Amino acid sequence: VLDEADRPVAGAKIVSRAWRSDVDQGRSGRAITDQSGVFLLSGWASPPDYDIVIKASTAYAVSELTGPFAIPREGIDGLVVRLTKVALGSISGHVHNTNGDPVFAWVTASPPDQGLSDFRGSAFARTDVNGAFVITSLTEGEYDLLVGEHSSDGYQTTDQIANSVILRAGQHVTNVE
């Protein structure tokens, strides 16, 4: 991941999605770039007839949608994703289970009825030990907040829509439960 001056970007969030036009739900993956701007999405050979798209973001910049493309079993090396500065907002809050206990989960902000054309709006965060999250790098628009709780074997459960938020350019929405 590179910035507008072609410098590597450390800590950029990467979101990927495998999507097939005749299937309602796709498969998503997440990664964060290292100090050299490099990221690894493992286990991502494209399922047959699926398109893969990738988006990168930081607190101040987002990339254009990269893809769709197929990933061969041996992977892709050298894919370059470029970030552009924009007026970004954020959504923060807490995730609790039905007993009121904090939940360790991924929270994804995603445009409603998301398909490939709306993928560039997605961003994510993990909750902390108190169930708190902050999702940054959001452009103006409407977002469904999807929560996927981590299971004991380290895999994420299926995302469930937990809330919806309308965000204006540069707005920071807080205390979302």
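Note that the structure is a prediction, hence the values are computed from the model and not measured.
Nearest heavy atoms, L88 versus V86: CD2-CG2, 3.0 Å. Residues G37 and P8 approach most closely at N-CB, 4.0 Å, considering heavy atoms. The shortest heavy-atom contact between N130 and D128 is N-OD1, 2.8 Å. The heavy-atom pair separating G131 from P102 by the smallest distance is N-CB, 3.5 Å. In terms of heavy atoms, A61 sits closest to L83 at CB-CB, 3.8 Å. Between P111 and Y143 the shortest heavy-atom distance is N-CD2, 4.1 Å.
Within 6.0 Å of atom CD in E4, more than 12 heavy atoms from other residues, nucleotides or ligands are found, so the atom counts as buried in its surroundings.
When atom types are taken as modelled, the side chain of S63 and the backbone of A56 share a donor-acceptor pair closer than 3.5 angstrom. Side-chain N or O atoms of T33 include one that pairs as donor or acceptor with a backbone N or O of A12 at under 3.5 Å. Counting only distance, with no hydrogens or angles, the side chain of N99 and the backbone of D101 share no donor-acceptor pair below 3.5 Å.
Contact of the L79 side chain with the F69 side chain is registered, since non-hydrogen atoms from C-beta on lie closer than 4.5 Å. Q171 has its side chain out of reach of L138: every pair of non-hydrogen atoms, C-beta onward, lies at least 4.5 Å apart. Residues I54 and V15 are not in side-chain contact: their nearest non-hydrogen atoms beyond the backbone lie 4.5 Å or more apart.
By the 4.5 Å side-chain criterion applied to Ile, Leu, Val, Met, Phe, Trp and Tyr, V38 is assigned to no cluster and stands alone. Through side-chain heavy atoms spaced under 4.5 Å, either directly or across other Ile, Leu, Val, Met, Phe, Trp or Tyr residues, L2 is tied to V80.
With sequence neighbours excluded, the residues satisfying ring pair (Phe, Tyr, Trp, His ring centres under 6.0 Å) with F124 are W106. Residues satisfying the side-chain hydrogen bond (donor to acceptor under 3.5 Å, both in side chains) test with S90, not counting sequence neighbours, are H172.
Cluster annotation: V134 and V103 are assigned to distinct hydrophobic clusters (Ile/Leu/Val/Met/Phe/Trp/Tyr, side-chain heavy-atom contacts under 4.5 Å, transitive).
Only one option out of I91, V95, V176 pairs with V107 in a side-chain contact (heavy atoms from CB on, under 4.5 Å); it is V95.
Listed by first then second residue, pairs satisfying side chain to side chain donor-acceptor pair (under 3.5 Å) with a partner in residues 76-86 read D6-R82, not counting sequence neighbours.
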Between side-chain atoms of residues 162-169 and protein atoms elsewhere (two or more places apart, or another chain), which donor-acceptor pairs fall under 3.5 Å?
{"unit_1": "N163", "atom_1": "ND2", "unit_2": "E177", "atom_2": "O", "d": "3.1"}
{"unit_1": "S164", "atom_1": "OG", "unit_2": "D144", "atom_2": "OD1", "d": "2.8"}

- Message: Using side-chain contact (heavy atoms from CB on, under 4.5 Å), reason through R30 and T108 one step at a time and then give a plain yes or no.
- Response: CA-CA 10 Å; R30 299 172 178 98; T108 302; 2.5 Å; yes
Give the intermediate values and the outcome of side-chain contact (heavy atoms from CB on, under 4.5 Å) for residues V1 and F39. CA-CA 8 Å; V1 174; F39 63 93; 4.0 Å; yes
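For the atom pair I135 CD1 and S92 OG, the distance stands at 9.0 Å (nearest 0.5 Å).
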